[in-house]
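Below, all heavy atoms of this structure are taken into account, side chains as well, without hydrogens, waters or symmetry copies.
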Protein chains: 2
Amino acid sequence: MIDGKWKLPIICTLGDQTMRFNELKREIVGITSMMLTSSLKELEECGIVHRESYHEVPPKVEYSLTDGGLSLTPILFDLGHWGHKLNTTKEKVNE
Amino acid sequence: MIDGKWKLPIICTLGDQTMRFNELKREIVGITSMMLTSSLKELEECGIVHRESYHEVPPKVEYSLTDGGLSLTPILFDLGHWGHKLNTTKEKVNE
DNA sequence: CAGTATCCGGACAGATACTG
DNA sequence: CAGTATCTGTCCGGATACTG
């Protein structure tokens, strides 16, 4: 569901903010327009990301997490903690 | 870290049990020896899975989750719950 | 029983160039 | 600004056959 290399970085970067396309692109180092576009589209289809498009010139599109997406972040936070703890434990063993 | 198609199924199947190679292979539908071997090896290197090998004939190898691996399961459980809730919400919207 | 060796196809990430 | 189109290479997963 959140597969692909960039979904997690996007969700974490977005957090509780509302960001525009190029803001995200600048924040997420190494991502290309293509990857960002396709990842955002999939996240939107999953109901994780909300997309607000203003039909203006120049175009303006804002992305934010839906409630569903927001409810994922604490779990991701736990997961991050778990990964960190696991690594420090491993380092201790290696010493 | 837990990428690849089979890591999660393996962790979930293992749970708090100790299982042998072919037990896992039988339980996890569709997995091949290769995938199971390589996934188990990576999980072992991450410190998630413990491997106990008895040098007998016929060979006997038992796999179980380490404490680190066990501490992951509740998070995975939350994640599963989250995914489920997200889907049911989406279905409601589609109705 | 518990793997290893080898080959193969397809999906995906990335680079580049272009557009409304 | 916010994307799309196209091409390309790589790597992962899968099938099959073999082994201590």
Problem - N or O in side chain of A/Tyr63 less than 4.0 angstrom from D/dG3 OP1/OP2 - result: yes
Exercise for the section: Would you list the pairs meeting salt bridge (charged side-chain N to carboxylate O under 4.0 Å, His left out) in which at least one residue belongs to residues 22-44 of chain B, sequence neighbours left out? Expected result: B/Lys7-B/Glu42
Practice task
Side-chain contact test, heavy atoms from C-beta onward, threshold under 4.5 Å: evaluate it for A/Ile2 versus A/Leu72 and give yes or no.
Solution key: yes
Exercise for the section: With sequence neighbours left out, write down each residue that passes side chain to side chain donor-acceptor pair (under 3.5 Å) with B/Ser71, or none if nothing qualifies. Expected result: A/Trp82
Practice task
Provide, to the nearest angstrom, the distance between the CD1 atom belonging to A/Ile10 and the C1' atom belonging to D/dG3.
Solution key: 14 Å
Exercise for the section: Pull out every residue in residues 13-26 of chain B that has a heavy atom closer than 4.0 Å to any atom of DNA chain D, ordered by number, or say none. Expected result: none
Handout entry: Pair listing, salt bridge (charged side-chain N to carboxylate O under 4.0 Å, His left out) test, anchored in residues 60-86 of chain A, at least two apart
Key = none
Practice task
Could you tell me whether the side chain of B/Ser39 and the main chain of B/Leu36 form a donor-acceptor pair under 3.5 Å?
Solution key: no
Practice task
With a 4.0 Å heavy-atom cut-off, tell me which residues in residues 39-54 of chain B come close to DNA chain C, sorted by residue number.
Solution key: B/Arg51
Could you go over nucleotides 12-20 of chain D and give all protein N or O partners under 3.5 Å, atom names and distances?
unit_1: D/dG13; atom_1: OP1; unit_2: B/Lys5; atom_2: N; d: 3.1
unit_1: D/dG14; atom_1: OP1; unit_2: B/Lys5; atom_2: NZ; d: 2.7
unit_1: D/dG14; atom_1: OP2; unit_2: B/Trp6; atom_2: NE1; d: 2.6

Problem - With A/Thr37 via side-chain contact (heavy atoms from CB on, under 4.5 Å) - residues at least two apart - result: A/Phe21
Problem - Distance-minimising heavy-atom pair for B/Val61 and B/Ser53 - result: CG2-OG, 4.2 Å
Exercise for the section: Indicate if B/Ile75 and A/Phe77 have the same hydrophobic cluster label, given that clusters are the connected sets of ILVMFWY residues with side-chain heavy-atom separations under 4.5 angstrom. Expected result: no
Problem - Distance in angstrom units between A/Leu36 CG and D/dC1 P, rounded - result: 14 Å
Handout entry: Where at least one partner belongs to residues 30-60 of chain B, residue pairs that pass ring-ring contact (aromatic ring centres under 6.0 Å, His included), sequence neighbours excluded
Key = none
Fill in the blank from the handout: Those residues at least two apart in sequence (or on a different chain) that pass side chain to side chain donor-acceptor pair (under 3.5 Å) with B/Trp6 are none
Fill in the blank from the handout: Closest non-hydrogen contact found for A/Ser64 with A/Thr18 is CB-OG1, 3.6 Å
Practice task
Quick one: list whatever passes side-chain contact (heavy atoms from CB on, under 4.5 Å) with A/Leu65, sequence neighbours left out.
Solution key: A/Ile11, A/Leu14, A/Ile48, A/Val49, A/Leu70, A/Thr73
Fill in the blank from the handout: When the rotation axes relating C1' atoms of four end pairs to the next four are compared across the helix from C/dC1-D/dG20 to C/dG20-D/dC1, five pairs an end, they differ to 10° by 60°
Exercise for the section: State which residues pass side chain to side chain donor-acceptor pair (under 3.5 Å) with A/Arg51; sequence neighbours excluded, sorted by chain then number. Expected result: A/Tyr63
